Amino acid sequence: MIYLLFVFSFLIRAVPRVIYKNGFSSDTYFHLRIADLICINKFRLPKHDPRYILEHKHLYPPLYHFFLAIFNPTVRLWVERLSGAIFDTLILVVTFFFCQYYFDFSGKQLFIICFLVGLAPPMFRVYSGPRAFNGSPRVLGQLLFLIKVFAFLIYLKSGNYLFLIAATTSFLIMLFVSKFALQVLILSLPVFIWIHWSYLIVVASGFAFSWLFFRRYVIELMAAHFKHSVRYFHAQKKLLYPNQITARIYLRGLWNIIASWNVRKVFRYFIKNNSALNLVIFCFFYFPVVLIFFIVSEPVNQEYFMFSLLTLCGFLIFILISFRPFLFLGESERYLEYYLPIAIVAFVHFVTIFEMRAMIWTAGLYSVLLSVLYIKLAMKGLRKSQSEYEQYKILKDQLASRGDGIIFPLYHYICKEIVYILERRALAYYPGGVDYDLIPRSELQFIYEFEAIVASSRIIEVAERYNVRYILCRKSQLDRY
């Protein structure tokens, strides 16, 4: 039965992309383009992408791109479509085998854990970037983080150094998966070191081997990530603060919608609202439930205490990133995703010990209903993305008869489509990161305003300076100019 659950978990994530095979996300075009460049460069990292005309250097964690580059172009597209489903299913498999080894769980308890992890609503959310239905290093990072945590916990329990090596290996690989994964590693350090000093071995060995194998590159990679974070730190007042939904704004909006007596609007508000308070109550409900019971009850055993502590760690990081000074570190709910399987294991462990079976039925039913809704919304988004992809293909054919030339996107977000689908050069800064040592801030502000997202009002001057032949935007964006 467990193995059928693995298959089911994979299928509900894979089928939407089989139906909408060209429902790519914007970030996916960037990852596919780097994979193409690696192949062109004889399986070596490119120094830059020649289709971005502004000065830049490619310094982005490369592991996922090398993974894509292994496959030929046709297979690569299918790997992109299914990699989210594959990595999510592996998260489920890893959680199952860990619980089977670490706890004295019955087959029924293992099934419940796998069911709740496989159908956890946050894994299907489509409002915080690509995840289950698009290729992204994001899910791979979460898988490696889980392997690291579980291997370290098994080492503490068994004393088997093979698991310490496994934890160190996972830590090392995570350094080259994604920028976000590195942030999770750093923010989680204090709690894991507090759990046991031997985690310092994992950290020290991970960084030592990264230096031994990659030398200067790993330093450049981390320096680039630091510059990226500093840039967003300075930009967050204009870019992030205005879009933040505080608890006060959330509750006021919720009250106004409830007062309208429109059930559909209320439900839509819960589904699409990205405020920290709404996400904890409506989507990541395992975290507050586990922490409430942890506070009001005595620790039953060491395993329960350990998993409650790790759940608390993820929740505290989430709270920290929800405050304005730390918004530049990314969407706060994405940190909860890394700890979600841990919180679910703690939840099942608790309700089993205290025989609160009604809570399992409630969580299971609620997860099914909400996940079905998220999948429906995801398919709607995939259908829209596929339609846009087809429009770009038509545009590519139209441009073929008009000759080559630089394209200037009025909104920077669509530069990835220009480079990958249209196969044209773009007047845009490199999506992998901006280095002000290569392109001065003043020059970037000459081209783009609103923190390098929207083209400045000096379009004619920009076009003349950079010999722009085409300008591209959506119809809805023309009103700004």
Side-chain angles (χ1 to χ4, degrees), residues 1-2 5-6 8-10 12-13 87-125 131-132 139 142-150 153-154 184 188 279-294 297 300-301 303-318 333-372 374:
M1 186 65 74
I2 290 287
L5 191 57
F6 295 160
F8 177 73
S9 176
F10 172 78
I12 58 177
R13 291 163 169 80
F87 294 140
D88 252 356
T89 304
L90 288 175
I91 286 175
L92 185 59
V93 172
V94 168
T95 303
F96 166 72
F97 283 108
F98 168 78
C99 291
Q100 190 178 46
Y101 183 93
Y102 193 79
F103 295 102
D104 188 22
F105 280 160
S106 65
K108 183 178 180 180
Q109 289 171 306
L110 291 172
F111 179 83
I112 291 171
I113 289 173
C114 290
F115 181 85
L116 294 179
V117 171
L119 285 172
M123 291 189 168
F124 298 96
R125 284 187 80 247
R131 199 191 178 285
V139 193
Q142 293 171 10
L143 170 63
L144 289 167
F145 177 79
L146 208 60
I147 293 173
K148 175 189 71 77
V149 173
F150 288 165
L153 292 179
I154 293 175
V184 175
S188 303
L279 289 169
V280 168
I281 295 173
F282 188 71
C283 196
F284 292 90
F285 54 89
Y286 290 108
F287 287 86
V289 170
V290 169
L291 295 178
I292 288 171
F293 285 120
F294 179 63
S297 63
V300 178
N301 53 44
E303 288 81 7
Y304 171 68
F305 175 80
M306 190 73 72
F307 271 73
S308 299
L309 181 63
L310 291 175
T311 302
L312 176 62
C313 174
F315 191 71
L316 289 178
I317 294 173
F318 165 76
E333 67 271 17
R334 289 175 62 179
Y335 292 90
L336 289 181
E337 289 179 9
Y338 279 79
Y339 284 89
L340 181 61
I342 296 170
I344 292 175
V345 172
F347 171 80
V348 174
H349 193 42
F350 176 85
V351 297
T352 301
I353 290 174
F354 293 95
E355 298 182 352
M356 303 179 70
R357 297 173 184 173
M359 291 191 68
I360 291 180
W361 282 100
T362 303
L365 180 60
Y366 180 77
S367 295
V368 169
L369 294 175
L370 191 55
S371 294
V372 168
Y374 278 143

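Note that this is a predicted model, so its numbers are computed, not measured.
Qualifying side-chain contact (heavy atoms from CB on, under 4.5 Å) partners for I147, counting only residues two or more places apart in sequence or in other chains: V94, L143, S170. Qualifying side-chain contact (heavy atoms from CB on, under 4.5 Å) partners for C313, counting only residues two or more places apart in sequence or in other chains: V191, I317, Y339. Scanning for side-chain contact (heavy atoms from CB on, under 4.5 Å) contacts around A120 gives P122, M123, L340, I344, with sequence neighbours left out. Every side-chain contact (heavy atoms from CB on, under 4.5 Å) that V280 has, sequence neighbours left out, goes to P288, F315, F318. Judged as a ring-ring contact (aromatic ring centres under 6.0 Å, His included), and not counting sequence neighbours, the contacts of F103 are F105, F307, H349.
Interatomic distance, CZ of F124 versus OG of S371, reported as 5.0 Å (0.5 Å rounding). Atoms CD1 and CG, on I113 and L116 in that order, are 8.5 Å from each other to the nearest 0.5 Å. Note that the CZ atom of F115 and the CD1 atom of I112 stand 10.0 Å from one another [nearest 0.5 Å]. Taken to the nearest 0.5 Å, the CG atom of L310 stands 10.0 Å off from the CZ atom of F305. Note: F284 CZ to T311 OG1 = 13.0 Å, rounded to the nearest 0.5 Å. The line from CG of L316 to OH of Y335 is 14.0 Å long, rounded to the nearest 0.5 Å.
Contact of the P341 side chain with the F98 side chain is not registered, since no non-hydrogen atoms from C-beta on lie closer than 4.5 Å. For the pair S188 and F145, the minimum side-chain heavy-atom distance is below 4.5 Å. Considering only heavy atoms from C-beta on, I342 comes within 4.5 Å of F150 through its side chain. F282 has its side chain within reach of L370: a pair of non-hydrogen atoms, C-beta onward, lies under 4.5 Å apart. Inter-residue side-chain proximity for L291 and S308 is flagged as unmet; no heavy-atom pair is nearer than 4.5 Å.
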All N/O donor-acceptor pairs, side-chain side in residues 350-361, below 3.5 Å, sequence neighbours left out:
residue, atom, partner, partner atom, Å
T352, OG1, Q109, NE2, 3.4
T352, OG1, V348, O, 2.6

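Exactly one residue among V117, L92, L119, D88 makes a side-chain contact (heavy atoms from CB on, under 4.5 Å) with S9. That residue is L92. Partner of Y286 under the ring pair (Phe, Tyr, Trp, His ring centres under 6.0 Å) criterion, out of Y366, F293, F347: F347 alone.
Environment of CZ in F111: crowded, with over 12 heavy atoms of neighbouring residues, nucleotides or ligands closer than 6.0 Å.
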Practice prompt. Could you give me the CA-CA distance, side-chain angles and deciding distance for Q142 and F87, then say whether side-chain contact (heavy atoms from CB on, under 4.5 Å) is met?
Written response: CA-CA 9 Å; Q142 293 171 10; F87 294 140; over 6 Å; no

Discussion item. Please determine whether side-chain contact (heavy atoms from CB on, under 4.5 Å) holds for the pair L336 and L279, giving the CA-CA distance in whole Å, both sets of side-chain angles, and the decisive distance to 0.1 Å.
Written reply: CA-CA 10 Å; L336 289 181; L279 289 169; 5.8 Å; no

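The nearest pair of heavy atoms linking C114 to I2 is SG-CD1, 4.3 Å.
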